[in-house]
Amino acid sequence: MTDATPRCFQDVILRLQSYWASKGCAILQPYDMEVGAGTFHPATTLRALGSKPWAAAYVQPSRRPTDGRYGENPNRLQHYYQYQVLIKPSPPDLQELYLGSLAAIGIDLDLHDIRFVEDDWESPTLGAWGLGWEVWCDGMEVSQFTYFQQVGGHDCKPVSGELTYGLERLAMYVLGIDHVMEMPFNDPQSPIPLSYGDIFRQTEQEYSRWNFDQAETEMLLRHFEDAEAECERILAAEEHDASGRRIVMAHPAYDQCIKASHLFNLLDARGVISVTERQAYIGRVRALAKRCADAFVRTEAGGGGGTA
Amino acid sequence: MPDLLIELLSEEIPARMQARARADLKKLVTDGLVEAGLTYAAAEAFSTPRRLALAVAGLTAESPRIVEERKGPREDAPEAAIAGFLRSTGLARDALELREAGKGRAFFAVIERPGRPAAEIVAEVLERVIRTFPWPKSMRWGAGNLRWVRPLQSILCILHDEAGASVVPLDIDGIAAADRTRGHRFHAPAEFAVTSFEDYATRLKRAFVVLDPAERAALIRAEADNMAFAAGLQVVADEALLAEVAGLVEWPVVLMGPIGERFLDLPPEVLQTSMREHQKFFSVRDPKSGKIVRYVTVANRETADHGATILAGNGKVLAARLADAQFFWNNDLRVAGSGMTAWIEGLAGVTFHNKLGSQADRVDRIARLARLIAPRVGADPDLAEQAARVAKADLRSAMVGEFPELQGIMGRYYAAAAGMPAEVAAACEAHYAPLGPSDEVPVAPVSVAVALADKLDTLTGFWAIDEKPTGSKDPFALRRAALGVIRLLLASDLRLPLAEVIDIQLLDHEIRDNLDTEEERDLFRLHDMLDDIAGRGVIGAAVEALTERLAGAPAAQVEEGSWLDRLRATIPAGRDDLLAFFHDRLKVYLRDRGIRHDVIDACLALPGNDDLVLLVRRAEALGAFLATEDGENLVQGFRRANNILTQAEAKDGVEYSFGADPKFAETEAERALFAALDRAEGAIAPAIEAEDFAAAMQGMAALRAPVDAFFEAVQVNADNPVVRRNRLNLLSRIRTACLAVGDLTRIEG
């Protein structure tokens, strides 16, 4: 057991990092692209595919342009952090491991009421779904717990167990903070104490304005089509390079899929996508994700073939 | 006689699936045991969030030994036939017996199947049940291929009697059955062994698990009621929520907390819905003010601080949720205060159905129809139209966006806030009713007008685009809409011939459907037709009137294949089909009220069957009459008359329908029947005209004795052709008189 409660946001993150490191996960760094959720990180989406074992944990900055509230809403942000754990095959004691992580960030399991409440997860853009729960702590959702069944249209074999923590909300709960902007980011006793608001209030305002009013939709549309075309081109390329090495470019193609997905989210925030078009765009991104998954399972990391 | 105990321990089972899973486990296992030759005295299934359990009492220890004898080929049969018999019986040649059989000897096989021990059968059945369990959704986990609702952790399976318990040997993908289980996830996670069902239930309770969901529900109910009562309050009953919450906890601990002062002015429906949907809280009401002032939550554990931390956390989440609700409510009230115009205009941007236009289009149609129906139901047409125009406005409100189940209810609050008349506000909520069978049926005229218009527009719309319910598929709840119309009409005793409103609404849909076609010019004229149908009652006459007006041409010259020509066929066909759908729903509805479907069929043959209230009155009167001795006998007489007539008409190639004359009557019974028919016809026709169906039935009843006497005394097919023809014509009068109250040929029995 770790001592007492954490003092600040980064304390919660650091404790999760060291907890999952102690349980044998590779602690990865965030993916260097704009994504809507930690699931988009190739360490989850692609590594959930194929037969090779995997265990990774990481923080993923995530962007949801439509959730921007100019930094005024106590809980909603267009940029926030998720903590993501993916273990394949899912270990039989994953629930216990998860509960241990709550204890590690200062939630006293003897005083709180932790519940696993049915919540099936589905990502229409990734062509992925799984069964699991949202985890409640005294009535508040603190995590998403999912056994992946399918990703990119492929059955997950073996099955990965995925844990997603909404870090701001979880930390606010642990620290007893009501408004996210008031949450201490570093130790409040530090020589230069910084709150979440010190770091992000201004960016929330700037991005909210850009997301909702300023982003150039013609350009975004063009970039969406470019990303889509490049993804398809990469995947259509001959599998062997000029010197005869077989190199399937699943990851570069998947980067383009991530781009298309984020561009769609931006277009959505700008309100230029109608209800009927929405489904069509989601379908286009899903088609890319599916083809990237098809490519990944032909690679060595995906458990298929490898270099020739 | 051993007892069987099974427990399947898993990660958390969704609450909504547990009841069905209990029933399935019990049925599949006991069916499997019985099929394998075992019998049992009693079985009961239980569930908690983490376990499914089944206790089977008084199981036979083994299945019976079965001896089967089969006769094979004759002694002298070809070798191939004998070899075939050996194959099919699985016996060796010297195990066959030769016995006398008729004119010679034949081979006989005596096949003996020994009894099998219960354990072997249980293992086989349980494995099959686990591998094929009908979960609504199941999953794989880890590296295995087994499917269960969530990862299956252990199997407890024992047979026990006075001598002790033994584990049923069974291994499913590495999970070996044992006599062990675990208690509550936090309070008592250690493994322990059990020796019987009683031992199991007792030890579980000691390990903070209440096995029986009914017991957990009862505990929650009692504790919540006590807590509320002690504070002078009462829990708002919610059986569905109670069942769900009982499925979320193994060790229910009831806690009651306050709702922040600043939220108490939210409408009680909003508090209740937000608390139930988001947090599975019960609402607690102050009986004096009627307001919801506290909540009850059910935790899954005891704590050293008696739930203080849990309650504080839940209270915090609730405050955040209610702050959202309050934000929606205040914003919505601003829009409502300015007459809801922003919402009403916004409905143009909401698709109702891609072939039926936007919600705004729909509101237009409903408003026109509500206005038209209003005088028929005693409502002010202006109010009915106004109500129809605002009834769907709340679909654009933030609150309904968040809680779709509050549609209508919020409409009522917002219409009132907009200063609209009370009838209009009431209709905003009531026009959705009746939904469920226990739902109250609105009777306030404005509400009735809008409710009817809404449902009729939906039905005609989906009929117009040919999206009718088929089999078990009814995605747009059209059966419920039709039943709603029926219940609305009957509850207020409304005389509304449906054919006419259906025609009008079908035409309206046709107009919208074709707005983009080249005939657009004519469509505006078609709108005139709506009024014509309202005036003339049927589409045919309206089409003719309209074409005459348009072209000065007689209706016969409507151009073949043109719009009007097509409508003249499609609208009546759609209307008849939809009416038949109403009649089917009506039969189902009346069957539950003890009116036979054949009685309704008989009444459907009469004109005016689109007036459902009239139809029901007729059916009730005819049904009551047929239940009497007179009625039953008269139907016999009618059948006899009808049979004789039908045969004679077929044989003679003529219709006997006119000209019966008492002067050719030869017997007293014949003359008496003439007199009775004169009286009955004189009584029945005016009674029917006046819709006094009881009196019409009395007229019918008076026919019974003379008809019986006539058949007793008279030979219809007399030798004298004149007498015969006269009698046949007399029978025809019986037939006609009877058919006036319904098509009695449809009566069964």
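Here is how names work: the chains are called A, B, and so on, in the same order as the sequence lines, proteins then strands, and each is numbered from 1.
Between A:L99 atom CG and B:F186 atom CZ the span is 4.5 Å, to the nearest 0.5 Å. In this structure, the separation between CD on B:E244 and CD on A:E118 is 9.0 Å, given to the nearest 0.5 Å. Note that CH2 of B:W135 is 11.5 Å distant from CG of A:L131, once rounded to the nearest 0.5 Å. The distance from the CG atom of B:N300 to the NE2 atom of A:H112 is 15.0 Å, given to the nearest 0.5 Å.
Crowding of B:R294 atom CZ: a count of heavy atoms from other residues, nucleotides or ligands under 6.0 Å not exceeding 12. When the shell of 6.0 Å around NZ of B:K137 is examined, it contains 12 or fewer heavy atoms from other residues, nucleotides or ligands. The neighbour count for B:E191 CD, taken as heavy atoms of other residues, nucleotides or ligands under 6.0 Å away, is above 12. Counting heavy atoms of neighbouring residues, nucleotides and ligands inside a 6.0 Å radius, atom CZ of B:R147 exceeds 12 of them. Counted within 6.0 Å of CZ on B:R131, heavy atoms from surrounding residues, nucleotides or ligands total more than 12; the atom is thus considered enclosed. Environment of CZ in A:R76: sparse, with no more than 12 heavy atoms of neighbouring residues, nucleotides or ligands closer than 6.0 Å.
Only the side chain of B:R185 comes within contact range of chain A, with at least one heavy atom under 4.5 Å from a heavy atom of that chain. Proximity to chain A (any heavy atom under 4.5 Å) is shown, for B:T297, by neither the backbone nor the side chain. Heavy-atom distances place no part of B:V253 under 4.5 Å from chain A, backbone and side chain included. Heavy atoms of B:R140 lying under 4.5 Å from chain A belong to its backbone as well as its side chain.
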Give the C-alpha distance, both sets of side-chain angles, the deciding distance and a yes or no for side chain to side chain contact (heavy atoms under 4.5 Å, CB included) between A:D138 and B:T309. CA-CA 8 Å; A:D138 303 335; B:T309 307; 4.3 Å; yes
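When side chains are defined from C-beta on, A:V117 counts as touching B:K280, because their heavy atoms get closer than 4.5 Å.
Summarising the geometry of A:S90 relative to B:G142, their closest heavy-atom pair is OG-N, 2.8 Å, with the distance given to 0.1 Å. Closest of all the heavy-atom pairs between A:W133 and B:E12 is NE1-O, 2.9 Å. Annotation for B:T303 and A:D110: closest pair CG2-O, 3.4 Å, computed over non-hydrogen atoms.
Applying the side-chain hydrogen bond (donor to acceptor under 3.5 Å, both in side chains) rule to A:D113 yields the partners A:R115; only residues at least two apart in sequence or on another chain are considered. Partners of A:R47 according to the side-chain contact (heavy atoms from CB on, under 4.5 Å) rule, which considers only residues two or more places apart in sequence or in another chain, are A:W54, A:F296, A:A301.
Heavy-atom pairs under 4.5 Å with chain A peak, among B:Q153, B:H278, B:Q279, B:R301, at B:R301. For the set A:G132, A:P74, A:G130, the entry with the most heavy-atom pairs within less than 4.5 Å of chain B is A:G132.
Using a 4.0 Å cut-off between a side-chain N of Lys or Arg and a carboxylate O of Asp or Glu, B:R150 and A:D119 do not qualify as a salt bridge.
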Under 3.5 Å, which donor-acceptor pairs link side chains of residues 176-184 of chain A to any protein atom two or more places apart or in another chain?
from, atom 1, to, atom 2, distance (Å)
A:H179, ND1, A:M181, N, 3.2
A:H179, NE2, A:E72, O, 3.0

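Residues of residues 140-163 of chain A lying under 4.5 angstrom from chain B, judged on non-hydrogen atoms, are A:M140, A:Y147, A:Q149, A:D155, A:C156, A:K157, A:P158, A:V159 by number.
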